[in-house]
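Nothing here was measured: the structure is a model prediction, and the numbers come from that model. Just so you know, residue 1 is the first one in the sequence shown, and it goes up from there.
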Amino acid sequence: MRVYLDNCCYNRPFDNQDQPKVMIETLAKLAIQRQMRAGEIEYAWSEVLDFEIGRSRFIDRKLQIAPWANGAALHVNLNEDIRLRAKEFEAAGVKAIDALHLACAEAAGCDWFFTTDKGILSKARPLASMRVANPVEFIGEV
């Protein structure tokens with residue numbers, strides 16, 4: 001099984017944990033990452049993640065998230081096919097950067113795309129060739 005976590009998933013543990021929803025999503029995301037680290041789940045990384053993490057103004061987040069690139073089963077670089085697929089997601093109302101994440105995950109042959117962004121969840125699910133889910137959904141199913 002191959003998965004892709006978008007930037008909001010990698011950043012979820014840094015969000016305010018006072019909200020129960022955020023705390024539950026954080027725990028689910030960390031459980032998935034434990035499986036990734038143990039090699040039980042394969043994951044993809046992308047040039048889009050490098051870009052988003054690189055532009056973050058939070059140095060502590062960069063230092064903790066960026067090393068995940070090293071353990072990825074594959075690293076997806078943008079190409080014309082990915083850009084064209086991203087345009088299809090954009091046409092459905094997905095923001096440009098999120099559309100690129102989705103297209104990269106598809107190009108990597110991912111089975112699951114994880115996000116905590118409601119907009120992505122509602123707009124991308126009908127179009128994606130993989131399961132688009134909140135990490136909590138995955139933990140509840142698998």
Side-chain angles (χ1 to χ4, degrees), residues 1-78 81-142:
M1 172 187 332
R2 184 175 296 157
V3 303
Y4 184 104
L5 284 72
D6 74 355
N7 191 46
C8 65
C9 274
Y10 282 106
N11 277 284
R12 189 47 115 193
F14 300 100
D15 294 335
N16 183 343
Q17 300 296 308
D18 291 341
Q19 299 174 35
K21 177 186 182 298
V22 172
M23 185 174 41
I24 291 167
E25 289 173 347
T26 297
L27 293 172
K29 180 265 190 180
L30 293 174
I32 291 166
Q33 275 190 299
R34 277 192 295 280
Q35 291 178 300
M36 290 163 48
R37 184 172 281 128
E40 298 165 8
I41 293 177
E42 189 175 87
Y43 67 99
W45 191 266
S46 75
E47 185 177 352
V48 183
L49 282 166
D50 289 334
F51 170 75
E52 272 201 297
I53 292 161
R55 71 178 186 172
S56 173
R57 66 181 196 271
F58 301 106
I59 302 302
D60 59 329
R61 293 182 188 201
K62 284 184 194 184
L63 293 174
Q64 290 187 47
I65 297 169
W68 280 96
N70 300 327
L74 64 126
H75 191 288
V76 179
N77 291 312
L78 296 177
D81 290 338
I82 290 171
R83 285 183 178 90
L84 289 172
R85 180 62 174 138
K87 291 290 181 193
E88 293 175 21
F89 285 114
E90 281 186 75
V94 177
K95 292 178 190 171
I97 194 85
D98 298 328
L100 286 168
H101 281 299
L102 286 157
C104 285
E106 282 189 344
C110 291
D111 302 295
W112 291 82
F113 178 93
F114 297 124
T115 185
T116 57
D117 185 313
K118 290 179 194 174
I120 298 171
L121 289 167
S122 65
K123 293 172 184 161
R125 279 182 173 156
L127 299 172
S129 64
M130 68 211 142
R131 235 1 242 286
V132 177
N134 183 295
V136 175
E137 294 173 66
F138 176 78
I139 295 299
E141 268 188 48
V142 176

Once you round to the nearest 0.5 Å, how far does CD1 of Ile120 lie from CZ of Phe114? 13.5 Å
Taking side chain to side chain contact (heavy atoms under 4.5 Å, CB included) as the test, write out the residues that go with Asp50, two or more places apart. Trp45, Ala69, His75
Can you measure from CD1 (Ile24) to CZ (Arg12) and round to the nearest 0.5 angstrom? 11.0 Å
At what distance, to the nearest 0.5 angstrom, does OG1 of Thr115 lie from CG of Leu102? 8.0 Å
Check for a donor-acceptor pair, side chain of Gln35 on one end and backbone N or O of Ile41 on the other, with a separation under 3.5 Å. no
Distance col, row Phe113:CZ vs Cys104:SG, nearest 0.5 angstrom, shows 9.5 Å
Donor-acceptor pairs under 3.5 angstrom involving side-chain atoms of residues 127-141: please list them, not counting sequence neighbours.
residue: Ser129; atom: OG; partner: Glu106; partner atom: OE2; Å: 3.2
residue: Arg131; atom: NH1; partner: Glu141; partner atom: OE1; Å: 3.0
residue: Arg131; atom: NH1; partner: Glu141; partner atom: OE2; Å: 3.2
residue: Arg131; atom: NH2; partner: Glu141; partner atom: OE2; Å: 2.6
residue: Asn134; atom: OD1; partner: Val136; partner atom: N; Å: 2.9
residue: Asn134; atom: ND2; partner: Glu25; partner atom: OE2; Å: 2.7
residue: Glu137; atom: OE1; partner: Arg125; partner atom: NH2; Å: 2.8
residue: Glu137; atom: OE2; partner: Arg125; partner atom: NH2; Å: 2.5
residue: Glu137; atom: OE2; partner: Asn134; partner atom: N; Å: 2.9

Can you tell which of Tyr4, Tyr10, Phe51 makes a ring-ring contact (aromatic ring centres under 6.0 Å, His included) with His101? Tyr4
What one should report as the nearest heavy-atom pair of Asn77 and Ile82 is O-CD1, 3.5 Å
Calculate, to the nearest 0.5 Å, the distance between atoms CD1 and CZ belonging to Ile32 and Arg37 respectively. 13.5 Å
Which pairs, with at least one residue in residues 54-65 and sequence neighbours excluded, count as a side-chain hydrogen bond (donor to acceptor under 3.5 Å, both in side chains)? Asn11-Arg61
Taking all heavy atoms of Ser122 and all of Gly119, pick out the closest pair and write down the distance. OG-O, 3.2 Å
Should we count CD of Glu40 as having more than 12 external heavy atoms under 6.0 Å? yes
Test ring-ring contact (aromatic ring centres under 6.0 Å, His included) applied to Tyr43 - qualifying residues, sequence neighbours left out: Trp68
Please identify each residue that fulfils side-chain hydrogen bond (donor to acceptor under 3.5 Å, both in side chains) with Gln33, with sequence neighbours left out. Lys29
Which heavy-atom pair separates Pro126 from Lys123 by the least distance, and what is that distance? CD-O, 3.6 Å
What distance separates Leu63 CG from Ile53 CD1, expressed to the nearest 0.5 Å? 11.5 Å
Taking the cut-offs as 6.0 angstrom to the six-membered ring centre and 45 degrees off its axis, would you call Arg85 and Phe89 a cation-pi pair? yes
What's the shortest heavy-atom distance between Glu52 and Asn7, and which atoms? OE1-CB, 3.0 Å
Nearest heavy-atom neighbours spanning Glu47 and Leu78: OE1-N, 2.8 Å
Below 3.5 Å, can you tabulate the donor-acceptor pairs from side chains in residues 90-98 to any protein atom, sequence neighbours excluded?
none

Can you establish whether the number of heavy atoms outside Lys118 located under 6.0 Å from its atom NZ is more than 12? no
If you look at every heavy atom in Ala44 and Cys110, which pair is closest and at what distance? CB-SG, 3.8 Å
